[in-house]
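Comments concern the structure below.
As the structure is a computational prediction, the values presented were derived from the model and not from experiment.
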Amino acid sequence: MKSQMRGERFGMNKKISIVIPCYRSENTIEYVVNLIDETMKTHTEYDYEVILVNDGSPDNTFEVISKLAIQDEHILAIDLSRNFGQHSALMAGYSMVTGDYVLGMDDDGEHDPREMFKLIEELEKGYDYVCAKFPSTNHSLYKRLGSKFNDWMATRFIGKPKGAIFSSFYVMRRYVVDEIVKSTNPYPYVGGMLVSVTKRLSYVSIEHCSRYAGESSYHFKNSVSLWVNGITAYSVKPLWGASILGILFDLVGIIIALVLFVRKIVNPEVLIGMGLCMACVFLVNGIVMILLGLIGEYIGRIYMLSNHIPQYTIRQVINKKGMEIRGKNDV
């Protein structure tokens with residue numbers, strides 16, 4: 001059935017699937033959708049759909065996007081059964097796309113839909129993924145630092161090409177999304193899956209807009225969760241690092257022991273000192289606990305995967321025809 005829905009589009013305009021995760025966006029999402037509609041009216045060479053995914057938002061976000069879906073045949077509203085996180089919400093949206101290009105953007109108005117064709121123009125030069133690079137943003141300091149750390153992590157641990165960047169305003173080819181949705185990881189990280197499919201990545205400089213209303217719900221814990229997902233789900237390099245670190249500390253311990261032994265032989269009156277011993281004990285035990293915690297994180301995720309914990313669960317989908325109860329439980 002899905003393959004029929006995703007049939008070839010010979011002789012037709014190319015179609016853009018716009019996927020937007022929604023959380024606490026009851027006051028912003030209609031503004032974003034209206035901008036998309038105005039933009040697409042000036043680019044009739046493209047067909048389009050807007051897939052709005054309510055990620056367990058505690059406000060009236062789903063009521064707002066349901067109303068939009070019933071009013072406009074281009075819009076599909078998806079309601080997740082609880083808050084699964086931004087990347088799980090993206091996976092839910094990706095599972096429903098029918099377009100040739102898949103475009104992602106935020107729900108708060110910080111990304112101008114009128115700029116999407118700059119991304120598409122770059123994509124059509126032969127790239128598989130193109131995102132926006134913002135010379136300046138209105139984000140808080142910790143969020144900017146978090147983004148830089150995430151970029152460093154993606155380069156060092158999951159193989160993102162140097163110079164390429166990730167952002168939440170992007171477009172990629174359909175075949176990339178078709179590969180991404182094959183993942184069954186209960187803690188998806190789209191960037192990790194992306195670089196496992198293609199290295200043809202690029203970016204375009206675009207001005208960052210001010211948030212239309214309200215405050216961002218993306219906090220420090222979200223950044224930490226994203227880092228952990230990226231490291232433990234799509235790379236084993238931290239385990240290599242743990243082994244190397246363990247060897248280095250063993251060498252340091254051997255060197256210290258030899259130095260103390262030689263000093264004691266040369267001058268028997270020299271006191272080795274309990275303070276040094278206690279410091280070494282605390283240092284080594286601290287390293288051991290960190291490494292055990294890292295290994296435990298990997299084991300925990302293997303356990304989750306073996307128990308088929310879902311990436312997301314769709315409660316219902318609403319389109320122009322009204323409500324369709326899916327009861328879909330994808331992993």
Side-chain angles (χ1 to χ4, degrees), residues 1-22 29-53 65-78 89-107 109-132 167-182 190 194 197-198 200-207 209 317-322 324:
M1 179 66 70
K2 186 176 286 188
S3 61
Q4 292 175 357
M5 291 174 62
R6 295 180 173 181
E8 298 293 340
R9 299 174 51 79
F10 296 119
M12 301 175 64
N13 291 347
K14 284 189 175 180
K15 186 175 184 180
I16 304 170
S17 295
I18 303 171
V19 179
I20 306 178
C22 302
I29 191 60
E30 187 170 1
Y31 166 78
V32 172
V33 169
N34 287 338
L35 274 181
I36 292 173
D37 184 58
E38 292 173 6
T39 301
M40 297 310 300
K41 285 178 179 177
T42 64
H43 291 80
T44 55
E45 70 274 20
Y46 289 97
D47 191 8
Y48 76 101
E49 64 182 355
V50 182
I51 300 174
L52 306 174
V53 185
I65 65 174
S66 297
K67 180 181 176 182
L68 293 171
I70 292 172
Q71 292 174 347
D72 190 339
E73 63 181 3
H74 293 104
I75 299 174
L76 189 71
I78 300 175
L90 285 171
M91 294 294 283
Y94 293 163
S95 72
M96 299 288 183
V97 300
T98 61
D100 303 285
Y101 299 152
V102 178
L103 186 137
M105 60 189 303
D106 286 346
D107 59 348
E110 292 186 353
H111 301 153
D112 189 345
R114 291 168 292 191
E115 302 282 9
M116 75 171 74
F117 293 98
K118 291 183 180 179
L119 302 178
I120 293 173
E121 182 180 352
E122 181 73 7
L123 188 78
E124 291 179 339
K125 292 180 181 178
Y127 295 103
D128 294 323
Y129 169 92
V130 178
C131 71
S167 78
S168 53
F169 189 22
Y170 61 86
V171 64
M172 54 185 165
R173 296 184 184 276
R174 173 62 176 280
Y175 93 89
V176 177
V177 173
D178 287 342
E179 291 301 316
I180 286 175
V181 296
K182 293 178 182 178
V190 173
L194 173 67
V197 175
T198 180
R200 293 186 178 183
L201 315 179
S202 185
Y203 62 85
V204 175
S205 293
I206 292 177
E207 289 300 320
C209 301
V317 179
I318 293 181
N319 55 22
K320 179 73 172 177
K321 297 178 181 179
E324 178 185 353

### Task
Could you go through the side-chain contact (heavy atoms from CB on, under 4.5 Å) check for Leu194 and Thr198 one step at a time?
CA-CA 6 Å; Leu194 173 67; Thr198 180; 4.1 Å; yes

### Query
Run the side-chain contact (heavy atoms from CB on, under 4.5 Å) check on Val317 and Met96 step by step: do they pass?
CA-CA 10 Å; Val317 179; Met96 299 288 183; 4.1 Å; yes

### Task
Show your working on side-chain contact (heavy atoms from CB on, under 4.5 Å) between Val130 and Lys118 and close with a plain yes or no.
CA-CA 9 Å; Val130 178; Lys118 291 183 180 179; over 6 Å; no

### Message
Set out, in order, the CA-CA distance, both residues' side-chain angles and the distance that settles side-chain contact (heavy atoms from CB on, under 4.5 Å) for His111 and Val32, then state yes or no.
### Response
CA-CA 9 Å; His111 301 153; Val32 172; over 6 Å; no

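Rounding to the nearest 0.5 Å gives a distance of 8.5 Å between CZ of Arg173 and CZ of Arg200. Note that CD1 of Ile51 is 11.0 Å distant from CG of Leu90, once rounded to the nearest 0.5 Å. Note that CD1 of Ile70 is 8.5 Å distant from CG of Asn319, once rounded to the nearest 0.5 Å. If you take CG on Asp72 and NZ on Lys320, they are separated by 7.0 Å, rounding to the nearest 0.5 Å. Interatomic distance, Ile78 CD1 to Ser66 OG, rounded to the nearest 0.5 Å: 11.0 Å. Taking CD1 of Ile75 as the start and CG of Asp37 as the end, the distance is 7.5 Å to the nearest 0.5 Å.
Pro113 approaches Thr39 most closely through the heavy-atom pair O-CG2, 3.8 Å. In terms of heavy-atom proximity, Arg174 sits nearest to Val97 at NH2-O, 3.5 Å. Taking all atoms of both residues into account, the shortest heavy-atom contact from Val19 to Pro21 is O-CD, 3.9 Å. Ile29 approaches Cys22 most closely through the heavy-atom pair CD1-SG, 3.8 Å. The nearest pair of heavy atoms linking Ala92 to Ser95 is O-OG, 2.6 Å.
Side-chain atoms of Phe169 and Leu119, non-hydrogen and from C-beta on, do get closer than 4.5 Å to each other. A heavy-atom distance below 4.5 Å is found between the side chains of Met116 and Met40. For the pair Tyr101/Ile120, a side-chain contact is recorded, criterion being any heavy-atom separation below 4.5 Å from C-beta on. Under the 4.5 Å side-chain criterion, counting only non-hydrogen atoms from C-beta, Met105 is in contact with Ile36. Side-chain contact between Leu76 and Glu49 is absent, with no heavy atoms from C-beta onward closer than 4.5 Å.
The aromatic rings of Phe117 and His43 sit parallel to each other, their planes meeting at less than 30°, with 60° as the upper class boundary.
Each of Asp107, Ile20, Leu52 was evaluated against Ile65; a single residue qualifies, Leu52, per the side-chain contact (heavy atoms from CB on, under 4.5 Å) test.
Looking at Ser167, its side chain never comes within 3.5 Å of a backbone N or O of Cys131 through a donor-acceptor pair.
Side-chain contact annotation: Asp128 with Tyr175, donor-acceptor N/O pair under 3.5 Å present.
Judged as a ring pair (Phe, Tyr, Trp, His ring centres under 6.0 Å), and not counting sequence neighbours, Tyr203 has no contacts. The side-chain contact (heavy atoms from CB on, under 4.5 Å) check on Glu179 picks up Lys182, Val197, with sequence neighbours excluded. Residues passing the ring pair (Phe, Tyr, Trp, His ring centres under 6.0 Å) test with Tyr127: none are found, sequence neighbours excluded.
The residues Glu122 and Lys125 are annotated as salt-bridged, a charged nitrogen and a carboxylate oxygen being separated by less than 4.0 angstrom.
By the neighbour-count criterion of 12 heavy atoms within 6.0 Å, atom CD of Glu121 is sparsely surrounded, having that number or fewer from other residues, nucleotides or ligands. Within a 6.0 Å sphere centred on CD of Glu30, other residues, nucleotides and ligands contribute 12 heavy atoms or fewer.
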